[in-house]
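Please read the structure below before turning to the comments.
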Amino acid sequence: FSKKFEDRGKFQNIFVIINESYPNFKDKNLKRKLTQALESNLQNIEISKYKKNWNKKYSTQGAEMDLFCDKKGTLEEFKSHFNNFLLKNDCWINNFRKRHNIFIHSYNEKMFNRQRYYKEDNSFFNKAYFQKELLQLNYKTCITNHYYNGICEDEIIKNLLPKLKNNKKKQFVVYLTVENHIPVHIKNYKENICKDYPLNLHPQFCTLFHNQLNFNKEINKFIKNLESTDLLVLFSDTPPLFSQRDRAHFEDYIDVFFFKKKF
């Protein structure tokens, strides 16, 4: 990540979305639909694409460690004191300390003790929006799965990110989603949209796909309103963590997208 952010200084706003369990289907038709939803009508946007491995040992926390410190340090250090972890390991993300840094997560701050991101002394993040803060701002809750009922992701994309974009501060914003956390809450669609292969193989495949399809459409709208001094980065924490048999329908790598306006 440090190499891909080498031109970071020219951006007023840098948004990073860590997308929970992006369903990168091997099926070319489904992959095409997700890509089109994300990239349609972006003639004035430069899109850079990369591929990375995912952290098979630490999953989502591993994705956060990769972003913040390019695989340096240990999980124990990362979990115990976030600020010390960044300083001790000379993490590249320290280059953003002079910015107004914001962390957004649509679920509870106590999950994996993510409250440490902004509650420690000399915290890296100046501000955080978790479920509690977003509920106080009248954001709605969506049923995501049997374990996590988080703030509706589309509301964060439609309302919170544009609001932050209009701040007059130089910002670094990290947004971690939860909507597609496996097992997803299965939705009953009125249309017969789950009949085709491979969406018909597993009751969660169809919901996972359409959750992501709708989220990609909202991200696409946000991208169209980027200024020349804005950068948006999108990548997943992991592939959907089904059984090995079911995971065979998804690519075993992570796509990383960088979006910025051409002029």
Side-chain angles (χ1 to χ4, degrees), residues 1-19 45-48 50 52 60-106 109 112-130 132-134 137 156-157 159-177 219 222-223 225-235 237 256-263:
F1 281 103
S2 59
K3 292 180 180 179
K4 302 308 176 187
F5 279 92
E6 286 179 345
D7 59 350
R8 58 188 173 269
K10 69 180 183 181
F11 295 108
Q12 179 75 11
N13 296 305
I14 298 176
F15 299 94
V16 178
I17 301 176
I18 305 178
N19 194 125
I45 300 295
E46 177 183 333
I47 306 174
S48 301
Y50 309 94
K52 70 181 289 292
T60 302
Q61 290 190 89
E64 292 167 87
M65 288 177 63
D66 286 355
L67 171 64
F68 295 135
C69 210
D70 273 344
K71 302 184 184 302
K72 293 182 181 177
T74 66
L75 180 66
E76 289 68 29
E77 294 172 334
F78 179 65
K79 288 168 58 178
S80 61
H81 198 291
F82 179 61
N83 200 49
N84 285 352
F85 167 81
L86 298 182
L87 296 173
K88 176 183 176 181
N89 293 289
D90 192 25
C91 297
W92 80 275
I93 209 79
N94 288 318
N95 291 305
F96 289 137
R97 282 190 178 272
K98 293 183 179 180
R99 288 178 175 256
H100 185 69
N101 300 321
I102 299 173
F103 186 79
I104 305 168
H105 184 37
S106 46
E109 66 176 10
F112 295 116
N113 190 30
R114 290 192 175 99
Q115 58 193 343
R116 74 190 190 281
Y117 285 172
Y118 78 106
K119 286 188 174 180
E120 296 175 346
D121 293 338
N122 301 313
S123 297
F124 175 82
F125 288 102
N126 308 101
K127 175 72 175 176
Y129 294 91
F130 288 93
K132 178 181 176 181
E133 289 77 16
L134 294 169
L137 295 173
I156 296 175
I157 294 290
N159 300 313
L160 182 57
L161 292 193
K163 178 182 177 182
L164 296 178
K165 194 171 80 70
N166 291 328
N167 287 345
K168 301 301 181 181
K169 301 176 180 179
K170 207 165 188 178
Q171 300 178 115
F172 177 66
V173 180
V174 178
Y175 166 29
L176 173 63
T177 75
I219 295 174
F222 180 72
I223 293 170
N225 290 312
L226 292 179
E227 306 294 337
S228 59
T229 55
D230 296 330
L231 172 68
L232 173 67
V233 181
L234 170 67
F235 70 99
D237 60 341
V256 184
F257 300 88
F258 281 63
F259 300 92
K260 58 183 178 182
K261 198 170 184 178
K262 290 181 179 179
F263 53 85

Pair Phe235, Ile17 - check side chain to side chain contact (heavy atoms under 4.5 Å, CB included), show working. CA-CA 6 Å; Phe235 70 99; Ile17 301 176; over 6 Å; no
Here the pair of heavy atoms bringing Pro162 nearest to Ile156 is CD-O, 4.3 Å
Interatomic distance, Cys69 atom SG to Glu64 atom CD [nearest 0.5 angstrom]: 13.0 Å
So, taking the atom named NZ in Lys10 and the one named OG1 in Thr229, what distance separates them when rounded to the nearest 0.5 Å? 10.5 Å
Strictly below 4.0 Å, N to O, side chains only: are Lys165 and Asp230 in salt-bridge contact? yes
Does Lys3 make a cation-pi contact with Phe1 (under 6.0 Å, within 45 degrees of the axis)? no
Is it the case that atom NZ in Lys170 sees more than 12 heavy atoms from other parts of the structure closer than 6.0 Å? yes
Looking only at the aromatic ring of each residue, does the gap between the centers of Phe15 and Phe222 stay below 6.0 angstrom? yes
Are Trp92 and Phe5 an aromatic pair, judged by ring center distance below 6.0 Å? yes
If I compare all heavy atoms of Arg99 with all of Asn126, which pair ends up nearest, and what's the gap? O-OD1, 3.3 Å
Given Val173, Val16, Ile219, the one that forms side chain to side chain contact (heavy atoms under 4.5 Å, CB included) with Leu232: Ile219
Using ring centroids (six-membered ring only for Trp), state whether Tyr50 and Phe258 fall under 6.0 Å. yes
Between Phe124 and Phe172, is a side chain to side chain contact (heavy atoms under 4.5 Å, CB included) present by the stated rule, with each step listed? CA-CA 10 Å; Phe124 175 82; Phe172 177 66; 4.1 Å; yes
State the CG-CG distance between Leu226 and Leu231, to the nearest 0.5 angstrom. 8.5 Å
Does some side-chain heavy atom of Lys4 sit less than 4.5 Å from a side-chain heavy atom of Ser2? no
Counting distance only, does the side-chain N/O of Lys71 pair as donor-acceptor with the main-chain N or O of Gly62 below 3.5 Å? no
Quick check against the 3.5 Å criterion: does His100 have a side-chain atom that pairs as donor or acceptor with the backbone of Gln171? no
Side chain proximity check, Tyr175 to Leu161, heavy atoms < 4.5 angstrom: yes
Shortest non-hydrogen pair, Asn113 vs Lys79, comes out as ND2-O, 4.0 Å
The residue among Arg116, Arg114, Lys119, Lys132 that forms side-chain hydrogen bond (donor to acceptor under 3.5 Å, both in side chains) with Glu109 is Lys119
Closest non-hydrogen atom pair, Ile45 against Lys261: CD1-CA, 3.9 Å
Working to the nearest 0.5 angstrom, can you tell me the gap between Leu160 CG and Ser106 OG? 11.0 Å
Inspect the contact between Lys52 and Asp66 and indicate whether a charged nitrogen and a carboxylate oxygen are less than 4.0 angstrom apart. yes
Distance, nearest 0.5 Å, that separates CG of Asn13 from CG of Asn167: 7.5 Å
salt_bridge(Glu77, Lys88) N-O dist < 4.0 Å: yes
Leu176 side chain near Thr60 side chain, heavy-atom distance below 4.5 Å: yes
Using a strict cut-off of less than 4.0 Å between a Lys/Arg side-chain nitrogen and an Asp/Glu carboxylate oxygen, indicate whether Asp7 and Lys260 qualify as a salt bridge. yes
Looking only at heavy atoms, which two atoms of Leu67 and Ile93 are closest? And how far apart? O-CD1, 4.1 Å
Under the 3.5 angstrom rule, does the side chain of Asn84 hit a backbone N or O of His81 as a donor-acceptor pair? no
For Phe82 and Phe68, I'd like to know if the aromatic rings sit close, meaning centre-to-centre distance below 6.0 Å. yes
Would you compute the distance between atom CG of Leu234 and atom OG1 of Thr177 and round it to the nearest 0.5 angstrom? 9.0 Å
Take Asn122 and Glu120, measure what side chain to side chain donor-acceptor pair (under 3.5 Å) needs, and give me the verdict at the end. CA-CA 6 Å; Asn122 301 313; Glu120 296 175 346; over 6 Å; no
Applying ring-ring contact (aromatic ring centres under 6.0 Å, His included) to Phe85 and not counting sequence neighbours gives Phe78
All ring-ring contact (aromatic ring centres under 6.0 Å, His included) counterparts of Phe103, not counting sequence neighbours: Tyr117, Phe125, Phe130
Could you tell me whether a side-chain N or O of Gln61 sits under 3.5 Å from a main-chain N or O of Phe112, the two making a donor and an acceptor? no
When you compare the side chain of Ile102 with that of Val174, does any pair of heavy atoms fall below 4.5 Å? no
